[in-house]
Amino acid sequence: MTTAPFGTPQVVRPEASRLAWLDALRGVGALAVVGEHLTTWAMPWLRPTFFNLGVYGVLVFFLVSGYIIPSSLERHGDVRAFWIGRAFRLYPLYLAVIAVVLALSWWIPVRAEVPRDASSAAAHATMLLDVVGVAGVMNTMWTLSYEMVFYLMVTALFVTGVRDRRGLVAVAFGVTAVVAGLALSAAPLTGGWLSWVSFAVFAAGLAGVVSGRLRTVAACALGVMALALLLLSSRVPWFGAAILAVMFTGTAIRRWESGQGSLWPVALAASLVTVAPVWALSAGWWWVQPDVWGTTVVLAGLTFAAGLAWRARRVPAVLTWLGLMSYSLYLVHLPVLLVVMEVAGEMRWSPLPLQIGVSVLFLALVLPGSRLTYRFLERPMQRLGRRLTAS
């Protein structure tokens, strides 16, 4: 892939990167999340209301993860390398953003929903925030909880030799989302003890997985814990199950593409996810109303389908450029936006030229800033992780 950083986009040829289309989808997802937060604050007239732009972007991210993570693990066949790679991929920037937010807390207080106790630190350490009922220091961090649950479950399936060729896992989570919505109005389990128990199991389990000692037992324990937290203590159980259904739908699409499965589980799982909030006891937000939620799910699915259909063609480098730094853009944009908001003040009723000017200023800060964190923090840590796995 060739790019001209901060300059004229070039074209990425399929032979240069056969997975460039996935980077492009990540770029679309990251831009959608940034757009949701920016328009909510500065340009509400531009914010769509017939679907949720931020959730749309997150669903695209989840489909990409579901598509690539299991097949990557199966292709390399090394859970130790997988987890070292994940740790060096996710944690350095995550911890750096937490440090910056805490360092700025004298000026911009950490949001009130974040617990001020040690259990919050334990939840942040595992990234299992949303599934143990703890708010993250940045509200974008909730998605990392479901990424982590997915990794833990995929690892358990891999070490036990379970390969879901038919896409039944996606369907099972879709059914679970519907049932949980009908049966549960809130998480059955709550309390700070969940953070501590999950921290202990997480640390001990990953130590076993990485070291190879009792690897199968450790991986299964982690998978069972992840599933239990998802269904019993996540903030909204039906929503958590729906997210896992979306991720395993990405896996089912990958199976179909490689000739190992069919598309009917994809259609069935997508239908179940779409109807999950219709009769759910806990579904009072505007973006999970049937029309809005359904439109959001459909648009995310169509976006992924368009990327899949485009995978053998040239991909605009501007999208792959955004996709490569999408994790930085996702985590960095909100702290930057909070600073800009603190300086600029309320923008929703400001004159249009001022709204546009401040929005352009924000993007002029966050895009180069994300590129810098990707280049000088993400990439070096990823290289270090690869060196460790090779040793």
A.B. asks: Might you work through the ring-ring contact (aromatic ring centres under 6.0 Å, His included) test for W349 and W41, ending with a clear yes or no?
C.D. replies: CA-CA 10 Å; W349 297 283; W41 168 63; over 10 Å; no

A.B. asks: Do the rings of Y91 and Y94 sit parallel, tilted or perpendicular, given the 30° and 60° boundaries?
C.D. replies: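 Plane angle over 60°, so perpendicular.
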
A.B. asks: Would the distance check show the side chain of R47 and the main-chain N or O of L53 forming a donor-acceptor pair, the cut-off being under 3.5 Å?
C.D. replies: no

A.B. asks: Between F199 and W193, does a ring-ring contact (aromatic ring centres under 6.0 Å, His included) hold up when you go through it step by step?
C.D. replies: CA-CA 10 Å; F199 175 81; W193 64 274; over 10 Å; no

A.B. asks: Using modelled atom types only, decide if a donor and an acceptor are shared between the side chain of T176 and the backbone of A172 within a distance under 3.5 Å.
C.D. replies: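 Answer holds: yes.
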
A.B. asks: Run F150 and F248 through ring-ring contact (aromatic ring centres under 6.0 Å, His included) and show every step you take.
C.D. replies: CA-CA 9 Å; F150 183 67; F248 279 107; 4.9 Å; yes

A.B. asks: Under a 4.5 Å side-chain heavy-atom rule over Ile, Leu, Val, Met, Phe, Trp and Tyr, are V298 and V28 clustered together?
C.D. replies: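 No, V298 does not connect to V28 through the hydrophobic network.
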
A.B. asks: Give the table of side-chain donor-acceptor pairs shorter than 3.5 Å for residues 203-219, with sequence neighbours excluded, one pair per line with atom names and distance.
C.D. replies:
| unit_1 | atom_1 | unit_2 | atom_2 | d |
| --- | --- | --- | --- | --- |
| S211 | OG | A207 | O | 2.7 |
| S211 | OG | G208 | O | 3.4 |
| S211 | OG | R213 | N | 3.3 |
| R215 | NE | V209 | O | 2.7 |
| R215 | NH2 | V209 | O | 2.8 |

A.B. asks: Strictly below 4.0 Å, N to O, side chains only: are R86 and E147 in salt-bridge contact?
C.D. replies: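 A salt bridge is absent here (no side-chain N lies under 4.0 Å from a carboxylate O).
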
A.B. asks: Could you go step by step and tell me if L329 and R371 meet the side-chain contact (heavy atoms from CB on, under 4.5 Å) rule?
C.D. replies: CA-CA 8 Å; L329 186 57; R371 182 64 178 180; over 6 Å; no

A.B. asks: Would Q355 and W45 count as a side-chain contact (heavy atoms from CB on, under 4.5 Å) if you check the C-alpha gap in whole Å, the side-chain angles of each, and the deciding distance to 0.1 Å?
C.D. replies: CA-CA 11 Å; Q355 290 180 340; W45 50 271; 2.6 Å; yes

A.B. asks: Cluster question for you: counting only ILVMFWY and a side-chain heavy-atom cut-off of under 4.5 Å, with indirect links fine, are L281 and L230 together?
C.D. replies: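 Different clusters.
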
A.B. asks: Indicate yes or no for a side-chain donor-acceptor contact from D117 to the backbone of S120 under 3.5 Å, with no hydrogens or angles considered.
C.D. replies: yes

A.B. asks: Would you say the ring centroid of Y327 lies under 6.0 angstrom from that of Y374?
C.D. replies: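 No, ring centres 6.0 Å or more apart.
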
A.B. asks: With no hydrogens and no angle check, do the side chains of S119 and S195 hold a donor and an acceptor under 3.5 Å apart?
C.D. replies: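 Looking only at side-chain atoms, S195 and S119 do not form any donor-acceptor pair under 3.5 Å.
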
A.B. asks: With a 3.5 Å distance limit and no angle check, can you tell me whether D164 reaches the backbone of V169 through a side-chain donor-acceptor pair?
C.D. replies: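 Yes; judged by distance alone, with no hydrogens or angles, the pair exists.
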
A.B. asks: For R379, is the CZ atom crowded, meaning more than 12 foreign heavy atoms sit under 6.0 Å from it?
C.D. replies: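 Yes, the 6.0 Å shell around CZ holds more than 12 heavy atoms from other groups.
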
A.B. asks: Determine, using ring centers only, whether F304 and Y67 are less than 6.0 Å apart.
C.D. replies: yes

A.B. asks: Does any non-hydrogen side-chain atom of V110 lie less than 4.5 Å from one of R116?
C.D. replies: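 Answer yes - side chains close enough.
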
A.B. asks: H124: which residues meet the ring-ring contact (aromatic ring centres under 6.0 Å, His included) condition with it, sequence neighbours left out?
C.D. replies: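 Expected list: none.
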
A.B. asks: Does the separation of the ring centres of F239 and W287 fall below 6.0 angstrom?
C.D. replies: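 Centroid separation for F239 and W287: below 6.0 Å.
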
A.B. asks: For residues F173 and V246, determine if any side-chain heavy atom of one lies less than 4.5 Å from a side-chain heavy atom of the other.
C.D. replies: no

A.B. asks: Would you mind telling me which of L73, L152, D78 makes a side-chain contact (heavy atoms from CB on, under 4.5 Å) with W83?
C.D. replies: L152

A.B. asks: Using modelled atom types and a 3.5 Å cut-off, is there a donor and acceptor pairing between side-chain atoms of R111 and backbone atoms of G136?
C.D. replies: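 Side chain of R111 to backbone of G136: a pair is present.
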
A.B. asks: For R311, is there an ion pair with E257 - N to carboxylate O distance below 4.0 angstrom?
C.D. replies: yes

A.B. asks: Is there a donor-acceptor pair closer than 3.5 Å between any side-chain N or O of S65 and the backbone N or O of F62?
C.D. replies: no

A.B. asks: Determine whether V131 and Y146 satisfy the following criterion, side-chain contact (heavy atoms from CB on, under 4.5 Å), listing intermediate values before the conclusion.
C.D. replies: CA-CA 8 Å; V131 294; Y146 300 100; 3.7 Å; yes

A.B. asks: Just do the salt bridge (charged side-chain N to carboxylate O under 4.0 Å, His left out) check on E74 and R255 with the steps written out, would you?
C.D. replies: CA-CA 12 Å; E74 291 168 12; R255 303 292 193 206; 2.7 Å; yes

A.B. asks: With heavy-atom distances below 4.5 Å as the criterion, would you say the side chains of C220 and T160 are in contact?
C.D. replies: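 Yes; the side chains approach each other to less than 4.5 Å.
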
A.B. asks: Is there a side-chain contact between V297 and L59 in this structure, where contact means two heavy atoms from C-beta onward sitting under 4.5 Å apart?
C.D. replies: yes

A.B. asks: Name the residue from F50, Y56, W238 that meets the ring-ring contact (aromatic ring centres under 6.0 Å, His included) definition with W293.
C.D. replies: W238

A.B. asks: Taking S145 for its side chain and L129 for its backbone only, find out whether a donor-acceptor pair lies under 3.5 Å.
C.D. replies: yes

A.B. asks: Donor-acceptor pair, S234 side chain versus L231 backbone, under 3.5 Å?
C.D. replies: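 No; zero donor-acceptor contacts below 3.5 Å.
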
A.B. asks: With no hydrogens and no angle check, is any side-chain donor or acceptor of Y330 less than 3.5 Å from a backbone partner on T140?
C.D. replies: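 At least one qualifying donor-acceptor pair exists.
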
A.B. asks: Is there a side chain to side chain donor-acceptor pair (under 3.5 Å) between E378 and S328 once you walk through the steps?
C.D. replies: CA-CA 8 Å; E378 282 196 75; S328 277; 2.5 Å; yes

A.B. asks: Find out whether P237 and L232 are in side-chain contact, i.e. whether some heavy atom of one side chain is under 4.5 Å from a heavy atom of the other.
C.D. replies: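 The answer is no; the side chains never approach within 4.5 Å.
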
A.B. asks: Taking only Lys NZ, Arg NE, NH1 and NH2, and the carboxylate oxygens of Asp or Glu, determine whether R348 and E346 approach each other closer than 4.0 Å.
C.D. replies: yes

A.B. asks: Can you list the steps and then say if R26 with V60 is a side-chain contact (heavy atoms from CB on, under 4.5 Å)?
C.D. replies: CA-CA 7 Å; R26 291 188 184 101; V60 171; over 6 Å; no

A.B. asks: Return yes if some donor-acceptor pair links the side-chain N/O of T296 with the main-chain N/O of N52 below 3.5 Å, else return no.
C.D. replies: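 Flag set: sc T296 to bb N52 pair under 3.5 Å.
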
